[in-house]
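See structure below.
Numbering of residues begins at 1 and proceeds along the displayed sequence.
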Amino acid sequence: MAGLAQREQSPFDLSSEAAYQRWRERKLEQAPRTINELIIEVEDAENLSAAEHAALLACCRRANMAIYVNRKHDSSKDVARNVGRQFGLVNLDANWLADEDGVTQITVNSEGTRQGFIPYTSRPIKWHTDGYYNSPERQIHAMVLHCAQSAAEGGENRLMDHEIAYLLLRDTDPELAQALFAPDAMTIPGRMDEDGVARLAQAGPVFSVGKNGVLHMRYTARTRSIEWRQDEATLAAVAMLEKLLDSALPYIYRARLEPGMGLLCNNVLHDRAGFRDDPDRPRLLQRARFYERIAGS
Ligand SMILES: [Fe+2]
């Protein structure tokens with residue numbers, strides 16, 4: 001069976017040690033040593049040249065992420081969507097708090113429906129991948145986070161390629177990595193999500209492999225409103241993951257998005273530091289989340 005043969009060669013399959021070792025070697029060889037290797041200056045992010053597009057895509061192929069620095073800074077909210085479109089990202093996840101066009105404006109809201117939900121405050125946000133509370137058919141595979149205005153102080157992101165997280169877990173103990181593939185590894189109880197939307201309980205895996213053989217990760221370091229599968233391997237895997245993300249590993253990058261800069265990624269692990277706003281120029285990030293991965297990455 002072709003499907004079976006393909007599965008046997010997946011580096012994300014515990015039984016295919018040779019495929020894993022080949023993938024692992026290449027992944028580590030290509031992994032950026034510093035965030036600078038992932039930062040690409042572009043003339044106009046909404047109309048990338050072939051060379052700029054290729055440079056951003058090369059970063060995404062290595063590390064599932066790239067940061068563009070737009071010389072033509074334009075705070076129009078279409079930038080995130082238009083950057084995505086150039087990488088085959090067209091199916092936007094329109095969550096409840098997104099505007100009609102599916103792009104979410106992330107800024108501090110002291111009133112209205114968004115009030116009190118962490119993304120719309122200046123508080124830190126723990127490590128996560130986007131849309132971990134979405135149903136299986138609405139999982140987020142890519143996103144663009146475009147900075148229209150940075151905070152007066154703080155608001156940095158830490159970033160980690162989710163494939164590296166898998167690799168480090170599997171190197172530590174293959175059984176731990178495997179435990180996180182369980183279809184009920186992580187359950188979000190039916191209540192409110194981070195954006196304040198009422199939802200049914202969502203059970204699902206942390207790691208899954210899509211039809212195209214790519215690894216997807218669904219994760220949050222939140223400790224409230226999360227139910228982990230209560231078995232030894234799952235709990236040990238979660239503890240190990242927390243430890244990895246809390247370490248000073250060279251694979252954890254730090255970046256502060258300044259106006260005109262943006263993160264293009266295959267929904268990698270990220271967090272956000274708390275920040276302090278200048279009341280006259282509050283931090284504003286425009287976020288577009290997509291159901292597909294960056295084309296060609
Ligand atoms: Fe996020």
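Counting Ile, Leu, Val, Met, Phe, Trp and Tyr side chains that sit under 4.5 Å apart, directly or through other members, Val90 stands alone, with no cluster partners. Leu200 belongs to no multi-residue hydrophobic cluster, having no ILVMFWY side-chain contact under 4.5 Å with any other such residue. Through direct or indirect side-chain contacts shorter than 4.5 Å among Ile, Leu, Val, Met, Phe, Trp and Tyr, Ile140 is connected to Tyr291.
Considering only heavy atoms from C-beta on, Leu159 stays 4.5 Å or farther from Asp271 through its side chain. You'll find the side chain of Ile106 stays beyond 4.5 Å of the side chain of Leu284, heavy atoms only.
For Val108, the side chain to side chain contact (heavy atoms under 4.5 Å, CB included) partners at least two apart in sequence or on another chain are Ser122, Phe275, Asp277. Scanning for ring-ring contact (aromatic ring centres under 6.0 Å, His included) contacts around Phe12 gives Trp23, Tyr166, with sequence neighbours left out. Taking the salt bridge (charged side-chain N to carboxylate O under 4.0 Å, His left out) definition, one finds that Arg293 meets it with nothing, sequence neighbours left out. Ala54 meets the side chain to side chain contact (heavy atoms under 4.5 Å, CB included) test with no other residue; sequence neighbours excluded. Considering only residues two or more places apart in sequence or on other chains, His162 meets the ring-ring contact (aromatic ring centres under 6.0 Å, His included) condition with none of them. Listed by chain and number, the residues in a side chain to side chain contact (heavy atoms under 4.5 Å, CB included) with Leu14 are Arg170, Pro174, Glu175, Gln178 (sequence neighbours excluded). Under the side chain to side chain contact (heavy atoms under 4.5 Å, CB included) criterion, Ala152 pairs with Arg276, Asp278, sequence neighbours left out. Residues that satisfy the salt bridge (charged side-chain N to carboxylate O under 4.0 Å, His left out) test with Glu163, not counting sequence neighbours, are Lys27.
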_Walk me through whether Asn64 and Ser297 qualify under side chain to side chain donor-acceptor pair (under 3.5 Å)._
CA-CA 7 Å; Asn64 282 308; Ser297 67; 5.0 Å; no
*Show the numbers, then the answer: is there a side chain to side chain donor-acceptor pair (under 3.5 Å) between Asp130 and Asn267?*
CA-CA 6 Å; Asp130 271 23; Asn267 200 6; 5.9 Å; no
Contacts table for residues 237-255: side-chain donor-acceptor under 3.5 angstrom, sequence neighbours left out:
residue, atom, partner, partner atom, Å
Ser247, OG, Leu244, O, 2.6
Ser247, OG, Leu249, N, 3.4
Tyr253, OH, Pro32, O, 2.8

